[in-house]
2 protein chains.
Amino acid sequence: MYQLLCDHIEQHVHLTEAELSGFTTLFELKNVSKKQILLKAGEVCRFEGFVTKGMFRVYHIDKNAAEQILYFAIENWWITDIDSFTNERPSQLFIEAIEDSEVLLISKKNKEFAYANLPKIEKLFRVMTQKTHVALQRRMIDNLGKTADQRYAEFIERYPQLFRRLSNLQIAAYLGISHEFLSKIRNKIAHKK
Amino acid sequence: MYQLLCDHIEQHVHLTEAELSGFTTLFELKNVSKKQILLKAGEVCRFEGFVTKGMFRVYHIDKNAAEQILYFAIENWWITDIDSFTNERPSQLFIEAIEDSEVLLISKKNKEFAYANLPKIEKLFRVMTQKTHVALQRRMIDNLGKTADQRYAEFIERYPQLFRRLSNLQIAAYLGISHEFLSKIRNKIAHKK
DNA sequence: TGAAAAGGTTGAACAAGTTCAATAAATGAA
DNA sequence: TTCATTTATTGAACTTGTTCAACCTTTTCA
């Protein structure tokens, strides 16, 4: 049961059958249709989710109503507002399905139960947070030093499976540029080759 | 001994006297003078460091020889290239003292010893990585959606203790702008008030 | 099927940020 | 103290990216 989740865990830590089923039963499956919102800014994020189907975007909306996308999550990725979830603070973020999706949700209570009773789970999440952090550090450096053209080219190269499934509006919000300018970058690339 | 480090740990997890001294003896104190480099890109990062005096910058140098600063660390902050340290891969980063400094270093072997023998330490580092990650997420969103003026104003407000000790060159490399443009922003602010 | 909504492109005017060069001010080391 | 180095400022020309408006194409869904 929950095959994708089990495989994912197995890649990071080795659990016995009992530990694995003890942990996975702490999740509940939720179907989320396209455009449905799982978390709104202002609410406390009550879940951490493992995506088993579809795609989500985690994003911020500023005072000018512009959207900044923090990350996308497809199959085998996790979604949450880690700050809101762990500190039970109102979130600054939105989480929305951009395809018809399925996600396995775990509550804070159940996650704490896992930390208390399954020490290897603490390691799992430490390692995962670390990996996510490394990826964000690299993205930060790219954003500080590279032009939009370069960031777009690298996005396509690094995440071809996201690129194929995303609209240019979403990609522009991830790169931090207007969608019109992204369109001009694409035009330039198309005519250069 | 190592009072700053003990206080810092105590803020995150509660250790017995024995655990605390068992952990802190895994560190060694190093004096680092201004402009001395602790880690060069290309090397494997062999340490994780807790700053007890002075200040460091962790940065990247791109092909055009421009520097992007990932973060600064003063007293009570940690420094490492987490990717290079945990995966024993060549680093992409430099770590340099920008004041005469003191840092407590722990090796990978000793950190793994701590993880294996002091389960609370696993929690300490999970929580710390999580906090650092939340801060970087906020910075990422700011970088995607805000102008340099706004980012500068927020940097001063959020980190006044860093601001006072840093040159404008360092701040510009952190904000991702040229130091000339930062100078113009400062001029504009000065004349507006 | 057809109308509405969403996504994509283009151009023109503008704003934000860079580059280069010249100069001044502050700091540091002998 | 002094000379060299580093840091900060300013202006002019340039590049990168935004905004707004118009228009076209594709998708959605009743």
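Computed from a predicted model, the values in this text were never measured in an experiment. Quick note on labels: first sequence line is chain A, next is B, and so on, each numbered from 1.
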Backbone N/O of A:E43 and side chain of A:S91: donor-acceptor pair under 3.5 Å: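 Absent.
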Sugar-phosphate only, base, or nothing, as touched by B:K34 at under 4.0 Å among non-hydrogen atoms: sugar-phosphate
Touch class at under 4.0 angstrom, heavy-atom based, for A:S167 against every strand present: sugar-phosphate
Can you tell me how far [atom2] of [N] sits from [atom1] of [X], to the nearest Å?
X: A:L175; N: D:dT18; atom1: CG; atom2: C1'; result: 15 Å
X: A:I171; N: C:dG7; atom1: CD1; atom2: P; result: 12 Å
X: B:H179; N: C:dC20; atom1: NE2; atom2: C1'; result: 11 Å
X: B:N168; N: C:dT27; atom1: CG; atom2: P; result: 12 Å
X: A:E99; N: D:dT27; atom1: CD; atom2: P; result: 14 Å
X: A:N64; N: D:dT19; atom1: CG; atom2: C1'; result: 12 Å
X: A:L144; N: C:dG17; atom1: CG; atom2: P; result: 13 Å
X: B:I185; N: C:dT18; atom1: CD1; atom2: C1'; result: 12 Å

Sole candidate of B:F50, B:Y2, B:F23 that passes ring-ring contact (aromatic ring centres under 6.0 Å, His included) when paired with B:H8: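 Between B:H8 and the candidates, ring-ring contact (aromatic ring centres under 6.0 Å, His included) is satisfied uniquely by B:F50.
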Contact under 4.0 Å: A:R186 side-chain N or O vs C:dG8 OP1/OP2: no
Residue met sooner reading DNA chain D from 5', once A:T147 and B:L166 are mapped to nucleotides: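 Taking each residue's closest nucleotide, the earlier one in sequence belongs to B:L166.
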hbond_proxy A:K184 side chain to D:dT19 base (donor-acceptor, 3.5 Å cutoff): yes
Could you check which of [options] has an atom nearest any side-chain atom of [X]?
X: B:F181; options: C:dG17, D:dT9, C:dT19; value: C:dG17
X: B:S183; options: D:dA8, C:dT18, C:dG8; value: D:dA8
X: B:E180; options: D:dT16, D:dT10, C:dT18; value: D:dT10
X: B:N187; options: C:dG8, D:dT10, D:dT9; value: D:dT10
X: A:R151; options: D:dT6, D:dG17, D:dT18; value: D:dG17
X: B:D149; options: C:dG17, C:dG8, D:dT7; value: C:dG17

Gap separating the SG atom of A:C45 from the CZ atom of A:R89, nearest 0.5 angstrom: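 Atom-to-atom, A:C45:SG and A:R89:CZ are 13.0 Å apart.
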Axial cation check for B:Y174 ring with B:R139, 6.0 Å and 45° limits: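 Output yes; distance and angle both within limits.
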B:I69 with B:L136, same ILVMFWY side-chain cluster at under 4.5 Å: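 No, because B:I69 and B:L136 fall into different hydrophobic clusters, even though each may have its own neighbours under 4.5 Å.
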